[in-house]
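Following: one structure in structure tokens, then a few remarks.
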Amino acid sequence: EDQVTQSPEALRLQEGESSSLNCSYTVSGLRGLFWYRQDPGKGPEFLFTLYSAGEEKEKERLKATLTKKESFLHITAPKPEDSATYLCAVRGNAGNMLTFGGGTRLMVKP
Amino acid sequence: EPEVTQTPSHQVTQMGQEVILRCVPISNHLYFYWYRQILGQKVEFLVSFYNNEISEKSEIFDDQFSVERPDGSNFTLKIRSTKLEDSAMYFCATSWDTEAFFGQGTRLTVV
């Protein structure tokens with residue numbers, strides 16, 4: 001059974017204070033690790049897909065990296081508008097469905 | 001930018017009633033999914049649909065649930081006899097290949 005664990009559950013940062021969110025996973029045959037952003041009461045918004053260890057993807061202040069056991073979402077000089085819950089999900093050999101972690105709720109204060 | 005559209009945004013229903021949640025996928029997407037998120041919990045997979053049939057389903061997707069694509073555009077989730085524990089956000093997602101794009105969800109409240 002695929003499993004995803006995210007840490008920390010919540011993270012408070014000052015504007016401009018860089019940090020990283022962690023996603024640990026166990027999966028039978030990784031066919032993609034996905035990062036999503038979710039605002040309160042909204043659906044997950046796609047950010048990145050990573051497929052193999054060593055891969056990195058960047059978008060504005062966000063950079064996602066992948067190893068064989070975990071992924072990190074690095075946030076550089078965050079702004080208040082980056083406040084959201086960040087979700088990690090994996091797709092394995094079992095099928096096309098995604099298995100989600102519990103998310104990290106990020107709060108960036110001005 | 002293309003998006004997945006879900007209706008209604010909110011639905012309140014009496015326990016035991018049937019509800020139908022609707023989704024308009026992104027044009028040209030081939031794979032369709034339903035997920036749910038109970039308040040404060042993880043997003044959970046319910047069912048996937050490809051080529052007009054169910055391709056995968058979770059243990060949650062029991063006989064009270066059904067999906068169909070009645071007119072080639074809409075994708076629906078029906079819950080036949082709602083229970084209190086069905087209260088959740090229901091998300092439709094669609095994909096062409098790998099990345100799944102989610103709708104804004106339907107908040108279902110069973111009273």
Side-chain angles (χ1 to χ4, degrees), chain A residues 1-10 21 23-52 55 57 59 62 64 66 71 84-105, chain B residues 1-10 21 23-26 29-51 53-61 67 88-109:
Chain A
E1 182 179 329
D2 300 343
Q3 291 190 349
V4 179
T5 302
Q6 293 187 245
S7 62
E9 290 185 5
L21 283 54
C23 170
S24 298
Y25 65 90
T26 55
V27 64
S28 176
L30 182 69
R31 294 195 298 125
L33 183 139
F34 304 82
W35 282 99
Y36 287 86
R37 169 187 171 131
Q38 186 176 31
D39 292 301
K42 304 292 186 184
E45 175 189 345
F46 173 75
L47 293 173
F48 303 109
T49 309
L50 302 167
Y51 293 101
S52 56
E55 189 175 358
K57 293 267 180 81
K59 180 180 179 180
L62 301 177
L66 181 65
S71 177
T85 295
Y86 290 85
L87 303 175
C88 173
V90 297
R91 173 178 287 139
N93 281 335
N96 283 332
M97 68 279 204
L98 299 177
T99 299
F100 281 85
T104 293
R105 187 161 60 96
Chain B
E1 184 175 323
E3 61 180 19
V4 178
T5 305
Q6 289 187 242
T7 55
S9 56
H10 295 86
L21 310 183
C23 169
V24 178
I26 294 173
H29 280 196
L30 302 176
Y31 299 88
F32 312 113
Y33 310 86
W34 285 101
Y35 289 80
R36 79 174 185 188
Q37 187 175 31
I38 294 171
L39 188 63
Q41 297 188 21
K42 294 183 180 183
V43 176
E44 301 174 289
F45 168 74
L46 294 177
V47 65
S48 61
F49 193 84
Y50 171 73
N51 200 26
E53 61 182 24
I54 290 174
S55 49
E56 298 141 342
K57 60 182 181 179
S58 71
E59 293 178 350
I60 302 169
F61 194 87
V67 290
M89 282 287 282
Y90 287 81
F91 296 110
C92 173
T94 74
S95 67
W96 163 253
D97 183 15
T98 306
E99 288 85 14
F101 294 88
F102 285 74
Q104 292 301 294
T106 293
R107 181 175 298 283
L108 177 66
T109 303

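Lettering follows sequence order; numbering is per chain, from 1. Just so you know, these numbers come straight off a predicted model, no measurement behind them.
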Donor-acceptor pairs under 3.5 Å, side chain of residues 39-46 of chain B to any protein atom, not counting sequence neighbours: which ones?
{"unit_1": "B:Lys42", "atom_1": "NZ", "unit_2": "A:Val4", "atom_2": "O", "d": "3.4"}
{"unit_1": "B:Glu44", "atom_1": "OE1", "unit_2": "B:Arg36", "atom_2": "NE", "d": "3.2"}

Self-check item: Heavy-atom contact with chain A under 4.5 Å, split by part of B:Thr98
Solution: both
Quiz item: Can you tell me how far CD of B:Glu3 sits from CD of A:Glu45, rounded to the nearest 0.5 angstrom?
Solution: 11.0 Å
Exercise. Answer with side chain, backbone, both or neither: which region of A:Tyr51 has an atom nearer than 4.5 Å to a non-hydrogen atom of chain B?
Key: side chain
Quiz item: Any idea which heavy atoms bring A:Phe34 and B:Glu99 closest together, and the distance?
Solution: CE2-CA, 4.2 Å
Quiz item: Any chance CZ of A:Arg105 has more than 12 other-residue heavy atoms, nucleotides or ligands included, within less than 6.0 Å?
Solution: no
Self-check item: Which atoms of B:Tyr35 approach chain A - backbone, side chain, both or neither, heavy atom under 4.5 Å
Solution: side chain
Practice problem: Select, from A:Met97, A:Arg31, A:Arg91, the one with the greatest count of heavy-atom pairs under 4.5 Å involving chain B. | Solution: A:Met97
Self-check item: Contact origin within A:Ala89 toward chain B - heavy atom pairs under 4.5 Å
Solution: neither
Quiz item: Counting only heavy atoms not in B:Lys57, do more than 12 sit closer than 6.0 Å to its NZ atom?
Solution: no
Quiz item: Which atoms form the tightest heavy-atom contact between A:Pro44 and B:Phe102, and what is the distance?
Solution: O-CB, 3.4 Å
Quiz item: Where does B:Glu56 contact chain A at under 4.5 Å (heavy atoms): side chain, backbone, both or neither?
Solution: side chain
